[in-house]
Amino acid sequence: MRTAIFVGSFDPFTVGHDSVVRRALPLFDRLVIGVVGDNVHKPYMRPAEERMQAIADLYADEPAIEVKPYYGLAVTFAKEQGAQFIIKGIRSVKDFEYEREQAEVNRQISGGIETIFLLAEPQLASISSTVVRELQHFGVDTSPFLPKKR
C-alpha cells in the first residue's frame, strides 16, 4: 500500500492545501493529513482538535484520507503511519529551497522516505494561512480562500 503524509499547522486549511491534497490523492492508496499539535513558532494557533475536525469534515466522503495529530518530526510521523512519502506544496523559489534542504535531511535520517513536491497552481501561489489569518484579523471575508466540501 502506497502511503503518504501531508503535514502542516493548517491554521487555517486553505484552498492551496486542498489543491495539494486533491492532486496527491490519485497517486497514493492512503493519504494521512498530519496536523501539528505543538508548534513553538506559532503559539497562537487554534487548538489542533478544531483544525483537525475542519479538515476531517472536508474529506469525510474520501476513505483514502485520514486526519491525525502529529508531534515532533515529520519523518517520525511518516514512520509511525507506515508512509513511504512526504508530500509538500511549493509556492515559490523560497519555499523550494527550504523544502529541498528539509527533504534531503529527512531522506538521510529516515532510511529513505521520499519527499514529493507539488507546485502550487498559479492562481493559488499567493495564498497562505498567514495571509488568510491576517485578512480575518481585519474583518475581510476569506471564504474564497477556504475550501468547501465537494
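The figures here come from the full heavy-atom set of this structure, side chains too, leaving out hydrogens, waters and symmetry mates.
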**Request:** Linking directly or through intermediates, with side-chain heavy atoms under 4.5 Å: list the remaining ILVMFWY members grouped with F138, chain and number order.
**Result:** none
Taking only residues two or more places apart in sequence or in another chain, which ones pass side chain to side chain donor-acceptor pair (under 3.5 Å) with [X]?
X	value
E101	none
R2	none
D29	none
T76	none

Linking I/L/V/M/F/W/Y whenever their side-chain heavy atoms sit closer than 4.5 Å, directly or via other members, would [X] and [Y] fall into one cluster?
X	Y	value
V20	M52	yes
F96	V7	no
F13	V132	no
L119	V21	no
I55	L124	no

**Request:** Compare all side-chain heavy atoms of V15 with those of P147 and state whether any distance is below 4.5 angstrom.
**Result:** yes
**Request:** Determine whether S129 and H17 make a side-chain contact, defined as any pair of heavy atoms from C-beta on separated by less than 4.5 Å.
**Result:** yes
**Prompt:** Which heavy atom of A120 sits nearest a heavy atom of A125, and at what distance?
**Reply:** CB-CA, 4.1 Å
Which value, rounded to the nearest 0.5 Å, describes the distance between [X] atom [atom1] and [Y] atom [atom2]?
X	Y	atom1	atom2	result
R133	T142	CZ	OG1	11.5 Å
Q136	D141	CD	CG	9.5 Å
I5	Y70	CD1	OH	7.0 Å
I113	N106	CD1	CG	8.0 Å

Just to verify, what does [X] make a side chain to side chain contact (heavy atoms under 4.5 Å, CB included) with, not counting sequence neighbours?
X	value
K149	L58, A60, D61
T115	I86, K88, A103, F117
V131	S128, L135
I116	F28, F85, I87

Okay, side chain of [X], backbone of [Y]: is any donor-acceptor separation there less than 3.5 Å?
X	Y	result
T14	L146	no
R51	G37	no
Q84	G82	yes

**Request:** Output all residues satisfying ring pair (Phe, Tyr, Trp, His ring centres under 6.0 Å) with F145, sequence neighbours left out; order by chain, then residue number.
**Result:** none
**Request:** Could you go through the side chain to side chain contact (heavy atoms under 4.5 Å, CB included) check for I90 and Y98 one step at a time?
**Result:** CA-CA 10 Å; I90 302 291; Y98 174 78; over 6 Å; no
**Request:** Sequence neighbours left out, what pairs pass salt bridge (Lys or Arg N to Asp or Glu O under 4.0 Å) with at least one residue falling in residues 67-81?
**Result:** E66-K68
**Request:** Not counting sequence neighbours, list each pair that qualifies as a salt bridge (Lys or Arg N to Asp or Glu O under 4.0 Å) and has a residue in residues 104-121.
**Result:** E104-R107, R107-E114
**Request:** I would like to know whether Y59 and L31 meet side chain to side chain contact (heavy atoms under 4.5 Å, CB included); could you show each step before the answer?
**Result:** CA-CA 11 Å; Y59 300 113; L31 180 60; over 6 Å; no
